[in-house]
Structures are given as structure tokens and as C-alpha cells.
There are 2 protein chains.
Amino acid sequence: MRHSTYECNKGCPVEATLEIIGGKWKGVILYHLLENTYRFGELRKMMPGITQHTLTKQLRELEGDNLVLRKIYAEVPPRVEYSLTERGESLREIILMMRDWGRVHLGL
Amino acid sequence: MRHSTYECNKGCPVEATLEIIGGKWKGVILYHLLENTYRFGELRKMMPGITQHTLTKQLRELEGDNLVLRKIYAEVPPRVEYSLTERGESLREIILMMRDWGRVHLGL
DNA sequence: CCGTATCCTGCATGATACTG
DNA sequence: CAGTATCATGCAGGATACGG
């Protein structure tokens, strides 16, 4: 007896995906990294509302979920660049669809 | 001088969309309603982890965002059915993509 | 420049009990 | 059956200060 296509008994795939990109800032971070590789300070400037503390935490979590790559350059002053992993890239379509939906239905 | 396609200065459309579907349960609720119209108690059974209190609140918020329609039947015992509005339907593609992404990348 | 270390706060979510 | 009413709690996110 097969389950419904919509069954969510143990680990709904929609819920699980939202746990990864559903934070207050993660979608926005990924959205920016879709366009380009960015340094920590650049991301911060793009998101005036986020604190340094929170940005660091969110980036660590995205890194932990293997969506974002953190590359450290041994320079002075230090430079750290964030980019999407292949797994992160695979979210491109979803993120862009959310952007489009927001534009159309929320007038943004 | 045009802005970048990715600019998020005031009201990022990705962030705004996530505010609507990004809660812990909203995606799952919408996911179920994608398939069918359901009664309150049916939804509750489908999501064993959610409490009555929280389900009510989430449904009210979805209703407030005009994604879900709440239809009350004047019967005894009372019957209330939830379905997607047209606006809710417009999220179908996004939700299904999140489901697929979860299945492929999270092994669900 | 890119962080950690503390401490703190609000709000999303939950537990439990009661009701039209 | 489908809710409200209360009260409780955990954790995401923030403020501020300091460090390699």
C-alpha cells in the first residue's frame, strides 16, 4: 500500500526545505549569492537590517548545510569570500520563483 | 541609473515571500491544501506535531494573507473547511519545487 | 576586516483546560 | 467539532563590546 504523494508523516520534504531556507535572512543571503561571490562586509552592506552577529550565524548554518562555501584568504587585512556550493546553486530556481511571486503578488 | 536585479534595499521580494510561507508549519499546511479541501480536524491528524492552538493561529494568518479560504457550515456539529484561494493556488509551483528539492537533496 | 563573547529580548510555538 | 483562554518556554535574532 503506497502512501499519498502528499504524505508528511515523517519528515515532510516541504517542511525540511523550509527549515534550511526559511530563516529570516537565509533566503536573502542566498539570493545575493546567486548573483555573485561576496565578502562578509559586502553582504552586510546589502542587508542593512542584519547584525554582524546574526549574519555570521546564518552564514555558518548555510555553510553547515553545505549551501555556501567560505573561502579565507591569508592576507592582511583578512579577506573572506562567500559563494554558493553546487547544492546552493540547485536552489536558484526556487529562490527566483519566490522573488517573482513576491514581485507579482506583493507588489515589490 | 537602474538598480541591480538583485537589489534588496527596501523590501526584498524573497524575504517578503518567505515571511508568508516561511513559518514552521505554513508550508506544510499549504502543501496539504494543494491536494484537497480539508476540515480542521483532518489537517490536525495530518500534522501530528502541531498543537490545536498553533494550527488555528497559522490558519488565521494564512487566511489573513488571503492564501486560504475558511468556509463555515451552519451544522451541528460544526464543520469548517479550508481550501486554497486563487492566490494560494499561485504558490503551487513553488511548494512543489520545495518538495522536490527536499526529496532529492535531503533524501525524503 | 572579520569575526567571537556575553547578555538580552521578543515572539513563535506549545501545554493544558475550558466552551458554543 | 472546532475552536478560544491562559500560561509557559525555547530559541532565533539583536545590542554591545572586544579580539586576531
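How far CG of A:Leu33 is from CG of A:Leu69: 10.5 Å, rounded to the nearest 0.5 Å. Distance CD1/B:Ile20 to CD/B:Glu15: 12.0 Å, rounded to 0.5 Å.
Annotation: proximity of residues 56-66 of chain A to DNA chain D (heavy atom, distance under 4.0 Å) is found for A:Lys57, A:Gln58, numbered in ascending order.
Residues passing the salt bridge (charged side-chain N to carboxylate O under 4.0 Å, His left out) test with B:Arg60, sequence neighbours excluded: none.
In this structure, A:Trp25 and B:Arg79 both approach DNA chain D, and ranking their closest nucleotides by distance from the 5' end singles out B:Arg79. Where B:Gly23 and A:Phe40 meet DNA chain C, the nucleotide closest to each residue was compared, and A:Phe40 sits on the side nearer the 5' end.
Residue A:Tyr82 has a polar side-chain atom (N or O) positioned under 4.0 Å from OP1 or OP2 of C:dG3.
B:His105 and A:Ser90 get closest at one heavy-atom pair: NE2-OG, 3.3 Å. Of all non-hydrogen atoms in B:Arg87 and A:Leu106, the two that sit nearest each other are NH2-CD2, 3.5 Å. Nearest approach of A:Leu84 to A:Leu34, heavy atoms of both residues: CD1-CD1, 3.4 Å.
Listed candidates were D:dG14, C:dG14, C:dG3. Nearest to the side chain of A:Lys24 is D:dG14.
The nearest whole Å value for the distance from the CG atom in A:Leu55 to the C1' atom in C:dC1 is 13 Å. Note: NZ (B:Lys71) to C1' (D:dA2) measures 18 Å, nearest angstrom. The CZ atom of B:Arg70 sits 17 Å away from the P atom of D:dC1 (whole-angstrom rounding). When the C1' atom of C:dC2 is taken as reference, atom CD of A:Glu81 falls 13 Å away, rounded to whole Å. The CG-P distance, from A:Leu18 to C:dT13, rounds to 11 Å in whole Å. With rounding to whole Å, B:Ile50 atom CD1 is found 11 Å from C:dA15 atom P. Atom OH in B:Tyr38 sits roughly 18 Å away from atom P in D:dC1 (whole-Å rounding). To the nearest angstrom, P of C:dC1 lies 13 Å from CD of A:Glu75.
In this structure, A:Phe40 and A:Tyr82 have tilted ring planes: the angle between them lies in the 30° to 60° band.
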field: Contact pattern, 5' to 3', of nucleotides 15-20 of chain D - B, S or - by protein heavy atom under 4.0 Å
entry: B----B

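Across all strands shown, A:Tyr73 has no heavy atoms under 4.0 Å from either base or sugar-phosphate atoms. Within 4.0 Å (heavy atoms only), B:Arg39 reaches sugar-phosphate atoms of the nucleic acid but no base atom.
Dense packing is recorded around CD of B:Glu42, with more than 12 heavy atoms of other residues, nucleotides or ligands lying under 6.0 Å away. Residue A:Glu86 places its CD atom among 12 or fewer non-hydrogen atoms of other residues, nucleotides or ligands, all under 6.0 Å distant.
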